[in-house]
Amino acid sequence: METPITVTWQEKDKSQSARWQSVANNPPPKKIKPINDTLKADAAYKMACEGMAMLWRGDFQNAKHLSQAISRRIDNRTTKPKAVNKAAKEAREATITPKEQFHLYRKSQIERARTLGMLLVELSSDYKLPYDRAPDVQAACEHAYGKRQSKENIIVSLRELLGVIGAYEWHKKGVEIAELGATIYPSYGVYSPVRGEYIDLVNKVPMNNVSVAFDIGTGTGVLAAILAKRGVKKIIATEQEPRALVCANENINKLGFASQVKVVNANLYPNDDAGLADLIVCNPPWLPAKANSPIDHAIYDPESKMLKGFLAGLKTHLAIKGEGWLILSDLAEHLGLRTHDELNDWIAAAGLEVIEKIDTKPHHSKSQDASDPLHVARSKEVTSLYRLKVAKL
């Protein structure tokens, strides 16, 4: 259990304190200044850039407006360079590599999050907002943070709180999965299955004589559910993130697959008691880059640790004539983060060979958005399902 962190500030000539809340494990601000509706956006932006956190003491909707104003100033800083630097900027952009572009993009996103994270709000111990025109966020906060035991108030960034609210709305509404003819309900911090192309691949690939299957890193449980719907009688879905374990169990139960799917807490493969599988499926995070927060692990696989671990363990967990299905995008290759030869080398080093590689193009909005900083790479992206088997000696 993490040690609670308390933040303090001066307000009305008195010392105040509250519990610091950050799912991303961001450190608490060193300086906090109470502000209200009278503070201008330019001044707030300057304070945020200088590392001064601002604790909101005004109308809640106006806090959202201020956050949006700060966001626009961040955008203007990056999209409207001074004329004297325009030529140099264009020359730099002409020579920048996709890998450099990716790291610059991530750096800008991290800086954006840090700046917007300087606008704070206070929650009561039972997750209520003491502001005019504030929404009821109790259910959303309990979903993301759990029920409170402490009587302390909470300080959280407005940016995180809005993310919690948005995630809860997604959780209530759910994501329609055409291949299931049903809805999957993602939880806060668990990757939502909004990119349907990889689900479609798993649903359509021919599958013969599969009695036992493993779904490695199940997340919401969507791929385990697809396998269950396709008739696999015994599926072990592994996960090690607490939020995902709860989320996958809830989805499997709601879909009526509890008799076929068992969700277990494991790092990659289940223990030896599970035996061997006829089919092992894995959809690891697609980008081999540093994860800057726990939630980032749904997108980034530092040093390709999960991908390599899946490949390295596949041979010893497959039954005779069994197959491994690796679902992977080649976006990392277009960004210069991994080469196709490296992936092939890892497959061969694990004693495996590729039976078939089935490709599909993504349909998500970013692949069509020319204004996206990574558009060139995204426009070339292909998502593939690699059918793997143990290589012959």
Side-chain angles (χ1 to χ4, degrees), residues 1-3 22-26 143-146 164 167 170-171 175 184-193 195 198-199 202 212-228 232 234-255 257-258 260-277 279-318 324-329 332 346 350:
M1 183 176 293
E2 295 179 359
T3 303
S22 172
V23 170
N25 291 333
N26 291 327
H143 174 72
Y145 302 143
V164 165
W170 268 106
H171 175 72
V175 179
I184 286 287
Y185 297 91
S187 295
Y188 181 70
V190 182
Y191 188 75
S192 178
R195 289 191 56 167
Y198 74 93
I199 298 172
V202 173
V212 179
F214 298 163
D215 176 20
I216 306 302
T218 194
T220 60
V222 64
L223 295 186
I226 291 290
L227 296 178
V232 181
K234 180 181 178 181
I235 302 155
I236 298 178
T238 69
E239 184 56 67
Q240 61 176 347
E241 293 296 328
R243 295 175 188 274
L245 284 165
V246 173
C247 180
N249 267 309
E250 289 179 347
N251 281 314
I252 293 301
N253 288 329
K254 286 178 180 177
L255 292 167
F257 294 137
Q260 294 167 260
V261 182
K262 181 180 181 182
V263 181
V264 301
N265 186 351
N267 181 10
L268 293 177
Y269 291 94
N271 60 37
D272 294 340
D273 294 341
L276 302 177
L279 175 64
I280 303 178
V281 177
C282 184
N283 175 34
W286 291 345
L287 295 177
K290 180 182 177 182
N292 292 298
S293 71
I295 294 176
D296 273 357
H297 284 284
I299 303 171
Y300 301 109
D301 183 15
E303 299 179 350
S304 300
K305 185 177 180 180
M306 183 175 178
L307 171 57
K308 292 177 182 177
F310 166 70
L311 293 173
L314 189 57
K315 182 177 180 179
T316 57
H317 289 86
L318 277 177
W325 289 359
L326 170 65
I327 302 99
L328 198 65
S329 157
W346 296 340

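These values consider heavy atoms only, across backbone and side chains, with no hydrogens, waters or symmetry-generated copies. Everything numeric here is computed off the predicted structure, so don't read it as measured data.
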Point-to-point distance, once rounded to the nearest 0.5 Å, from OH of Y198 to CG of N283: 5.5 Å
Donor-acceptor check, side chain of T238 to backbone of L268, threshold 3.5 angstrom: yes or no? yes
Does a sphere of radius 6.0 Å around CG in N271 hold more than 12 heavy atoms from other residues, nucleotides or ligands, not counting ones at 6.0 Å or beyond? yes
I need the N267 CG to E241 CD distance, nearest 0.5 Å. 10.0 Å
Using a 4.5 Å cut-off on heavy atoms from C-beta on, say whether the side chain of H171 contacts that of C247. no
Test item: Y188 and R243 side chains (from C-beta on) under 4.5 Å apart, heavy atoms: yes
Could you report the tightest heavy-atom contact between G324 and L314, atom names first, then the distance? CA-CD2, 3.9 Å
Does CH2 in W170 sit with more than 12 non-hydrogen atoms of other residues, nucleotides or ligands closer than 6.0 Å? no
Measure the shortest side-chain to side-chain distance between H297 and Q240 over non-hydrogen atoms and say whether it is less than 4.5 angstrom. no
Closer than 3.5 angstrom, by distance alone: can the side chain of Y269 be matched with the main-chain N or O of F310 as a donor-acceptor pair? yes
So, using side-chain hydrogen bond (donor to acceptor under 3.5 Å, both in side chains) as the criterion, who are the partners of S329 when residues are at least two apart? E381
Quick check: closest heavy atoms across A224 and T218, and the distance to 0.1 Å? CB-OG1, 4.0 Å
Hey, could you give me the OG1/CD distance between T220 and E239, rounded to the nearest 0.5 Å? 9.5 Å
Of the non-hydrogen atoms in A291 and P302, which two are nearest, and what is the gap between them? N-CG, 3.9 Å
After noting the C-alpha distance and the side-chain angles of I236 and V212, does the key distance pass the side-chain contact (heavy atoms from CB on, under 4.5 Å) rule? CA-CA 8 Å; I236 298 178; V212 179; 5.6 Å; no
Closest non-hydrogen atom pair between A298 and P285, with its separation: O-CB, 3.9 Å
Just how far is it from atom OG of S187 to atom CG of L245, taken to the nearest 0.5 Å? 11.0 Å
Heavy-atom closest pair, residues A332 and P288: CB-CD, 3.5 Å
Would you check if F257 and N251 make a side-chain contact, meaning some heavy-atom pair closer than 4.5 Å? no
Distance in Å, I327 CD1 paired with L223 CG, rounded so as to fall on 0.5 Å steps: 5.5 Å
For L279 and V232, what are the C-alpha separation, side-chain angles and deciding distance, and is it a side-chain contact (heavy atoms from CB on, under 4.5 Å)? CA-CA 10 Å; L279 175 64; V232 181; 5.6 Å; no
Crowding at NZ, K262 (>12 non-hydrogen neighbours, <6.0 Å): no
Assess the residue pair L326 and L307 against the criterion (side-chain contact (heavy atoms from CB on, under 4.5 Å)); give the C-alpha distance rounded to whole Å, side-chain angles, the decisive distance to 0.1 Å, and a yes or no. CA-CA 9 Å; L326 170 65; L307 171 57; 3.8 Å; yes
Give a yes or no on whether the backbone of P284 and the side-chain of D301 come within a donor-acceptor separation of less than 3.5 Å. no
When every non-hydrogen atom of P193 is compared with those of I184, the smallest separation belongs to CG-CG2, 3.9 Å
So, does H317 use its side chain to make a donor-acceptor pair with the main chain of L276 at under 3.5 Å? no
Pairwise distance NZ(K315) to CD1(I280) - rounded to 0.5 angstrom: 13.5 Å
Side-chain touch K254/Y185, heavy atoms, less than 4.5 angstrom: yes
